[in-house]
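Sequence positions, counted from 1, serve as the residue numbers for this chain.
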Amino acid sequence: MRSKKNFGEEPEAPATKAEILKLKEKVDNNKYEEFWFSDYVAFLKIQNGLDYDGLVIYNANINDENNGFIAANEIWNENEWEDSYVFFGDSNISWYCFSKTKNTFMELDKPSGDIICKYATLNELLEAAIKNVL
């Protein structure tokens with residue numbers, strides 16, 4: 001398995017309590033309020049986002065305009081979707097999200113938005129996304 005350490009890079013540190021609280025406050029004040037997932041917080045407590053080999057799992061930094069959860073969701077939700085999504089990450093060929101209307105986690109094709117796969121939990125979604133780049 002290739003690791004960032006092999007390339008002289010260290011993995012992201014865990015998100016701090018302060019970062020998670022700021023993100024939670026921001027989420028509570030916008031349209032994602034009812035869709036906050038303890039699994040995402042659990043992931044952030046292990047590693048604050050991921051940027052590896054084309055896969056990006058969004059981090060808790062509310063000021064990160066590139067890979068932050070808030071900024072990414074603002075950008076992707078500018079599209080006119082048939083559904084309403086909360087995005088947790090993306091890759092060169094996929095978006096990783098939660099469908100608010102279908103109440104399920106999904107991998108969507110980029111750029112068509114077609115459903116590639118559905119998952120019961122965020123953990124299953126993230127595991128599949130990471131396996132795709134290994």
Side-chain angles (χ1 to χ4, degrees):
M1 178 171 105
R2 297 177 296 169
S3 73
K4 282 188 153 195
K5 196 168 191 169
N6 292 342
F7 296 104
E9 296 180 45
E10 292 295 321
E12 294 295 326
T16 65
K17 264 189 185 176
E19 287 173 314
I20 291 171
L21 286 174
K22 284 181 187 176
L23 179 62
K24 177 81 170 106
E25 286 172 12
K26 197 79 163 157
V27 168
D28 280 344
N29 292 324
N30 70 32
K31 62 187 171 187
Y32 312 115
E33 173 178 359
E34 57 204 84
F35 299 104
W36 188 249
F37 303 103
S38 60
D39 287 348
Y40 183 56
V41 171
F43 173 82
L44 294 172
K45 287 179 177 179
I46 296 168
Q47 183 166 329
N48 190 10
L50 176 70
D51 187 352
Y52 180 77
D53 206 16
L55 172 65
V56 176
I57 305 298
Y58 307 131
N59 64 54
N61 183 344
I62 62 170
N63 298 313
D64 186 338
E65 295 294 321
N66 296 314
N67 296 334
F69 178 84
I70 298 296
N73 274 277
E74 288 172 353
I75 291 168
W76 296 133
N77 280 299
E78 287 178 357
N79 293 331
E80 292 190 21
W81 301 96
E82 292 177 19
D83 203 337
S84 186
Y85 298 106
V86 176
F87 294 89
F88 293 97
D90 68 271
S91 68
N92 297 329
I93 59 170
S94 298
W95 284 293
Y96 301 97
C97 60
F98 178 80
S99 166
K100 295 178 191 177
T101 58
K102 293 178 180 69
N103 199 34
T104 191
F105 295 92
M106 301 178 165
E107 178 182 352
L108 302 177
D109 176 62
K110 246 185 187 177
S112 73
D114 292 341
I115 298 169
I116 295 173
C117 198
K118 295 180 183 180
Y119 301 91
T121 67
L122 178 60
N123 286 341
E124 288 178 16
L125 175 72
L126 294 177
E127 185 177 313
I130 292 167
K131 283 182 179 179
N132 283 340
V133 297
L134 295 180

Please answer: with hydrophobic residues joined when any side-chain heavy atoms are less than 4.5 Å apart, are [X] and [Y] in the same cluster?
| X | Y | result |
| --- | --- | --- |
| Val41 | Phe69 | yes |
| Val133 | Leu122 | yes |
| Ile130 | Tyr52 | yes |
| Val86 | Ile75 | yes |

Parallel, tilted or perpendicular, as decided by the 30° and 60° cut-offs, for the rings of Trp95 and Trp76: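 Ring orientation of Trp76 relative to Trp95: perpendicular.
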
About how many Å separate [atom2] of [Y] and [atom1] of [X], when rounded to the nearest 0.5 Å?
| X | Y | atom1 | atom2 | result |
| --- | --- | --- | --- | --- |
| Asn67 | Asp51 | CG | CG | 5.0 Å |
| Ile62 | Leu21 | CD1 | CG | 11.0 Å |
| Glu12 | Asn61 | CD | CG | 10.0 Å |
| Glu124 | Glu127 | CD | CD | 7.5 Å |
| Tyr40 | Ile57 | OH | CD1 | 8.5 Å |
| Leu125 | Cys97 | CG | SG | 7.5 Å |

Flag for Tyr58-Asp90: side-chain donor and acceptor within less than 3.5 Å: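 Present: a donor and an acceptor within the cut-off.
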
Main-chain N/O of Ala60 paired to Asn48 side chain as donor or acceptor, under 3.5 Å: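 The answer is yes, because a donor-acceptor pair under 3.5 Å joins these two groups.
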
With a 4.5 Å heavy-atom cut-off, do [X] and [Y] have their side chains touching?
| X | Y | value |
| --- | --- | --- |
| Ile70 | Val27 | yes |
| Leu108 | Trp81 | yes |
| Leu126 | Leu50 | no |
| Val56 | Tyr96 | no |
| Lys110 | Asn92 | no |
| Leu23 | Glu19 | no |
| Asn132 | Leu55 | no |
| Asn123 | Phe43 | no |

Heavy-atom pair of closest approach, residues [X] and [Y]:
| X | Y | result |
| --- | --- | --- |
| Glu78 | Glu74 | CG-O, 3.2 Å |
| Leu44 | Gly49 | CD2-N, 4.0 Å |
| Ile116 | Ser94 | CD1-OG, 3.7 Å |

CD1 (Ile93) with more than 12 external heavy atoms under 6.0 Å: no

With sequence neighbours excluded, residues passing side-chain hydrogen bond (donor to acceptor under 3.5 Å, both in side chains) with Thr104: none

Ser91: side-chain hydrogen bond (donor to acceptor under 3.5 Å, both in side chains) partners, not counting sequence neighbours: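 With neighbours one apart ignored, the set is empty.
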
Result of checking Phe105, Phe88, Tyr85 against Phe98 for ring-ring contact (aromatic ring centres under 6.0 Å, His included):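 Output: one option passes, namely Phe105.
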
Inter- and intrachain pairs under ring-ring contact (aromatic ring centres under 6.0 Å, His included), touching residues 114-134, at least two apart: none

